[in-house]
Amino acid sequence: QVQLVESGGGLVQAGGSLGLSCVVSGFSVNDFSIGWFRQVPGKEREGVSCIGRRDGTTYYADSVKGRFTISRDNTKNTVYLHLNNLRPEDTAVYYCAATEAPFLGINWYRYKEYLYWGQGAQVTVSS
């Protein structure tokens with residue numbers, strides 16, 4: 001059974017840091033591209049970052065580049081998103097998602113490319 005479970009969200013002050021984890025079961029994270037998305041009420045789900053299947057190429061939205069870091073631990077079948085220098089506009093529910101699409105590449109931010117989703121983790125950044 002495929003399952004993605006996020007953890008690590010919470011409340012933090014602007015400028016602070018948080019770490020999100022996405023624990024995967026049912027497949028190997030090395031065989032799927034894993035993306036992180038976020039969503040606020042009334043807005044479309046936004047691609048934040050992605051780590052590509054096999055070669056581990058990483059992608060970031062311009063809004064988080066230099067502040068967020070995605071990584072993968074194949075031994076723990078877990079993908080991480082480390083959020084630094086957080087801003088109030090980073091407040092959202094963060095989701096991890098997985099796709100087996102072989103040539104995701106520059107389309108990594110398209111949420112419709114992803115088949116499996118976690119339940120989400122709330123990140124709230126106070127000013």
Side-chain angles (χ1 to χ4, degrees):
Q1 181 182 359
V2 173
Q3 196 171 20
L4 289 77
V5 179
E6 301 99 335
S7 62
L11 173 64
V12 65
Q13 286 190 328
S17 299
L18 276 177
L20 298 176
S21 300
C22 176
V23 179
V24 174
S25 56
F27 62 86
S28 170
V29 293
N30 192 53
D31 294 334
F32 280 66
S33 293
I34 307 295
W36 283 95
F37 292 78
R38 64 187 181 186
Q39 190 168 25
V40 297
K43 289 193 175 182
E44 195 167 86
R45 201 161 288 193
E46 174 192 17
V48 174
S49 183
C50 173
I51 185 163
R53 62 197 293 264
R54 308 287 167 80
D55 66 1
T57 301
T58 57
Y59 305 89
Y60 296 94
D62 287 343
S63 59
V64 307
K65 206 170 290 184
R67 300 188 298 122
F68 292 9
T69 303
I70 192 170
S71 62
R72 181 176 69 200
D73 186 334
N74 292 338
T75 64
K76 296 182 179 179
N77 223 35
T78 300
V79 173
Y80 304 95
L81 185 69
H82 196 69
L83 298 71
N84 285 326
N85 194 18
L86 282 159
R87 305 167 181 168
E89 55 264 37
D90 294 319
T91 295
V93 177
Y94 283 71
Y95 300 90
C96 63
T99 178
E100 205 176 6
F103 304 111
L104 191 62
I106 59 172
N107 293 317
W108 68 269
Y109 63 93
R110 297 180 188 270
Y111 68 87
K112 293 182 180 180
E113 297 283 346
Y114 294 77
L115 181 60
Y116 304 106
W117 290 83
Q119 82 287 353
Q122 177 69 47
V123 172
T124 302
V125 184
S126 63
S127 56

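- Residue pairs meeting the salt bridge (charged side-chain N to carboxylate O under 4.0 Å, His left out) criterion with at least one partner in residues 63-81, sequence neighbours excluded, are D62-K65, R67-D90.
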Do any side-chain atoms of residues 44-51 form donor-acceptor pairs under 3.5 angstrom with protein atoms, and if so which ones, sequence neighbours left out?
from, atom 1, to, atom 2, distance (Å)
R45, NE, Q39, OE1, 3.0
R45, NH2, Q39, OE1, 3.0
E46, OE1, R38, NE, 2.8
S49, OG, Y59, O, 2.8

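- With T99 contributing its side chain and L115 its backbone, the two residues share no donor-acceptor pair below 3.5 Å.
- For residues 10-33, the set of pairs meeting the salt bridge (charged side-chain N to carboxylate O under 4.0 Å, His left out) definition, not counting sequence neighbours, comprises D31-R54.
- The two residues G8 and L18 come nearest to each other via the heavy atoms O-CD2, 3.9 Å.
- Contact of the L81 side chain with the V79 side chain is not registered, since no non-hydrogen atoms from C-beta on lie closer than 4.5 Å.
- Scored by the side-chain contact (heavy atoms from CB on, under 4.5 Å) test, L11 finds T124, S126 as partners (sequence neighbours excluded).
- V123 and L4 end up in the same hydrophobic cluster when Ile, Leu, Val, Met, Phe, Trp and Tyr side chains are linked at under 4.5 Å.
- When atom types are taken as modelled, the side chain of E6 and the backbone of Q119 share a donor-acceptor pair closer than 3.5 angstrom.
- V40 forms part of no hydrophobic cluster, judged by ILVMFWY side-chain heavy-atom separations under 4.5 Å.
- A donor and an acceptor atom, one from each side chain of D55 and T57, are located under 3.5 Å apart.
- Side-chain contact between V24 and Y116 is absent, with no heavy-atom pair separated by less than 4.5 Å.
- If you chain together ILVMFWY residues whose side-chain heavy atoms come under 4.5 Å of each other, V23 ends up in a group of its own.
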Ignoring hydrogens and angles, write down the donor-acceptor pairs under 3.5 Å from the side chains of residues 100-108, residues two or more places apart or on other chains.
from, atom 1, to, atom 2, distance (Å)
N107, OD1, R110, NE, 2.9

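- Counting only residues at least two apart or in different chains, salt bridge (charged side-chain N to carboxylate O under 4.0 Å, His left out) contacts with residues 117-127 are absent.
- Listed by first and then second residue, the ring-ring contact (aromatic ring centres under 6.0 Å, His included) pairs involving residues 31-53 are F27-F32, F37-Y114, F37-W117 (not counting sequence neighbours).
- Taking the side chain as every heavy atom from C-beta outward, Q1 and S25 never approach each other to under 4.5 Å.
- For residues 57-94, there are no disulfide bond (SG atoms under 2.5 Å apart) pairs, not counting sequence neighbours.
- Every residue two or more places apart in sequence or in another chain that forms a disulfide (SG to SG under 2.5 Å) with C22 is listed here: C96.
- Other members of the cluster containing Y80 do not exist, because no ILVMFWY side chain is joined to it at under 4.5 Å.
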